[in-house]
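One structure below.
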Amino acid sequence: MTHSATDKPSESIELDLSQTSEAISPFIYGQFIEHMGRCIYGGIWAEMLEDRKFYFPITEDYDPYKSLQDTAYPVVGASPWEILGSASGVSMVREDSFVGEFTPKVSAGSGFRQNDLATIEDMDYDGYIWLQNAGAERSVVKVTFSTGGNSESSTFTVPEGAYQKFPYTFNAKEETLKASLAVEVLSGEAFVGTLSIMPANNVRGMRADTLELLKELDAPIYRWPGGNFVSGYNWRDGIGDRDRRPPRKNPAWTGVEHNDFGTDEFIDFCREINTEPTIAANTGFGDAYSAAQWVEYCNANGDTIGGQWRVDNGNYEPYNVKYWCVGNEMWGPWQLGFMQLEQYVLKHNEVASAMLDADKDLVLIGVGAVDQINADYDPNQAKAEKLWSVGMMEGSADYMHLISEHFYSGETPWTDAQELEPIEHVVLMRDQIRRISSEHRRLQPEIEELNGKTMYIAMDEWNYWDRQYEYGELGCVYDLKDALGTVVALHEFYRQSDLIKIANYAQTVNVIGCIKTSKTEAEFATTGIVLKLYRAEWQPIPVEVPVDAYGHLDVAASKSEDGKTLTVSIVNPTEEAASFDFSIEGMKLPKEAKVWTITGPDHRSHNAPGAERQVDAVESTAKITKGLKAPALSSVLYRIEL
């Protein structure tokens with residue numbers, strides 16, 4: 001499809017519905033979740049306790065500021081558990097640890113407590129504690145849940161023998177951010193294996209409020225578990241009895257990986273919100289055997305080692321995970337296991353071949369980066385420079401079905417970029433998508449190994465990353481101009497529908513996600529408002545609109561497969577309202593159309609959990625025979641029934 005461009009804004013939108021391009025893949029509305037900050041733990045997962053498996057030893061040096069894990073890059077280095085009573089009564093025992101490196105042993109008159117838990121008034125909170133008698137006689141242990149001036153306790157007598165699991169339920173008498181959970185030994189001695197507490201309305205461990213928004217978002221495909229995280233992740237740590245899975249240091253980011261949300265939980269998550277799973281295999285510190293065994297765990301029957309593990313864990317039917325990423329950003333020196341292109345091609349092919357041997361029907365996504373130059377060793381000349389994506393397509397075309405590309409725009413933490421005005425900001429992601437697509441269109445025809453076929457793109461990480469908000473509890477706080485830029489990015493994905501088949505917005509919840517959560521509430525960021533609306537209403541067949549014909553305004557159009565519904569989208573990042581004459585070649589317009597307008601008080605307007613929405617998609621009707629209108633600083637989506 002050929003587009004014309006002009007510097008002079010057009011005053012009319014004239015559409016020829018016969019001028020269309022390839023259907024838009026629904027997977028461009030995909031999402032990406034990673035074990036980073038509060039995306040999983042504190043965002044999707046409902047567990048309220050930090051370090052419930054005691055990765056950090058409990059010591060007298062309790063410092064609540066060092067143990068906070070509520071930021072995009074949490075600062076950790078000390079236990080979040082505060083010793084109660086005599087400090088000498090709490091010791092960390094390595095021998096026969098319940099889970100992880102060591103287990104707390106607590107004597108009568110001592111205990112420990114975690115503070116700063118958040119509660120909702122009159123909400124029940126369910127939990128449990130694993131205890132083993134550590135002395136010669138029975139021990140008595142009390143668990144107390146306190147919410148300000150109110151507290152409830154459960155007392156357990158722990159007999160001799162193996163660890164036992166003791167459940168409890170408490171009711172929060174008030175709303176507070178200062179609740180606590182305390183464990184005290186009243187008599188004898190006890191080992192505390194692990195413990196837990198979640199809101200009673202959790203959905204098999206997932207937060208009900210977050211799930212409600214995720215279902216509204218209706219993203220058709222999710223990528224997990226990384227991201228940089230996956231290159232140091234051993235997937236076997238994340239299966240089996242959740243309480244017996246070892247806590248680890250997050251391999252890519254700071255903080256503790258609790259291993260409470262593993263493969264089985266991810267599949268359960270995908271089924272709960274009705275989405276297609278994509279799993280990223282570890283080609284950093286990982287190996288071909290481990291990747292293939294992960295495929296077995298997900299897709300094979302019980303006649304394989306991996307498949308039998310899944311059955312043993314109570315999941316008898318295969319998960320049938322079709323889409324797999326073979327590694328993540330292996331071109332980057334920050335990546336665990338980073339290597340030069342020439343060697344990585346060999347590793348990719350080895351890993352991909354093993355995965356396909358485990359399941360020949362997989363769709364594999366190779367690591368790409370069309371803008372990264374990698375120096376390969378060449379014995380005939382000192383070093384040969386090659387674009388990473390080109391080298392991957394030359395050396396691995398037969399071992400992948402799509403190639404990934406990533407980009408982040410805005411005031412990223414690794415640049416000195418300053419805040420831009422809306423008209424400059426909204427085009428940043430569009431320009432990245434154009435650049436990457438143009439490079440692939442230029443380079444792919446020259447790659448003999450492709451044999452004339454198109455290697456489709458999975459843009460499986462993309463987003464704005466606004467540096468000034470990076471360290472807040474919510475991660476990046478997206479404002480109106482970010483919402484408008486996200487619409488413009490979607491417009492560009494629509495224009496590249498013949499090349500880009502998957503796009504995963506990063507990272508869904510908190511950090512740089514389109515949903516933000518506090519400890520007790522969840523809300524759509526401005527970008528989430530956009531993604532929800534366009535996923536629900538945008539039609540799949542792009543209709544040609546001249547590119548860049550409207551000055552600072554960006555316009556796109558599409559129609560339904562049966563041609564009975566037309567959608568037109570206008571982004572106006574300027575301070576002045578815009579209006580257009582509107583016509584469809586050979587067709588009389590209906591009088592009215594449904595319209596959704598996304599705007600706010602100013603370009604910095606944003607949404608936050610627990611606060612009134614500043615930016616939303618407001619539905620109305622409009623008389624389109626009088627033209628199409630786009631208010632200042634807005635995105636307007638028209639749905640026209642023909």
Could you check if a side-chain atom of Ser409 sits within less than 4.5 angstrom of a side-chain atom of Phe407, using non-hydrogen atoms only? yes
Show the numbers, then the answer: is there a salt bridge (Lys or Arg N to Asp or Glu O under 4.0 Å) between Arg604 and Asp479? CA-CA 5 Å; Arg604 292 189 177 89; Asp479 55 27; 5.8 Å; no
Taking only residues two or more places apart in sequence or in another chain, which ones pass side chain to side chain contact (heavy atoms under 4.5 Å, CB included) with Asp268? Arg204, Met206
Sequence neighbours left out, what pairs pass salt bridge (Lys or Arg N to Asp or Glu O under 4.0 Å) with at least one residue falling in residues 551-560? Arg430-Asp554, Arg495-Asp554
Indicate yes or no: does Asp122 engage Lys173 in a salt bridge with an N to O separation below 4.0 Å. no
Salt-bridge criterion met for Glu641 and Arg639 (N-O under 4.0 Å): yes
With distance as the sole criterion, is a donor-acceptor pair present between the side chains of Gln539 and Thr567 under 3.5 Å? no
Answer yes when Asp260 and Arg52 have at least one side-chain N-carboxylate O distance shorter than 4.0 Å, and no when they do not. yes
Verify salt bridge (Lys or Arg N to Asp or Glu O under 4.0 Å) between Glu216 and Lys532, making sure each step is shown before the conclusion. CA-CA 7 Å; Glu216 290 182 36; Lys532 172 188 171 183; 2.7 Å; yes
Tyr222 and Asn504: side chain donor to acceptor below 3.5 Å: no
Do you see a donor-acceptor pair shorter than 3.5 Å between the side chains of Asn201 and Tyr125? no
Tyr55-His258 aromatic ring centre distance below 6.0 Å: no
Distance-only polar pair, side chains of Ser558 and Trp538, donor-acceptor under 3.5 Å: yes
Short side-chain donor-acceptor distance under 3.5 Å, Trp253 and His35: no
Between Tyr505 and Glu461, is any side-chain donor less than 3.5 angstrom from a side-chain acceptor? no
Per the ring pair (Phe, Tyr, Trp, His ring centres under 6.0 Å) rule, which among Tyr408, Phe493, Tyr29, Phe32 passes with Trp462? Phe493
Asp371 with Arg435: basic N within carboxylate O range, under 4.0 Å: yes
Side-chain polar contacts of residues 618-637 - donor-acceptor pairs under 3.5 angstrom, sequence neighbours left out - could you list them?
from	atom 1	to	atom 2	distance (Å)
Glu619	OE1	Trp596	NE1	3.4
Ser634	OG	Pro631	O	2.6
Ser635	OG	Tyr534	OH	3.1

Please evaluate residues Glu272 and Lys215 with respect to the criterion salt bridge (Lys or Arg N to Asp or Glu O under 4.0 Å), reporting the C-alpha separation (whole Å), side-chain torsions for both, the decisive distance (0.1 Å), and the verdict. CA-CA 9 Å; Glu272 178 66 28; Lys215 290 176 181 179; 2.7 Å; yes
For residues Phe582 and Tyr638, establish whether the separation of their ring centroids is below 6.0 Å. no
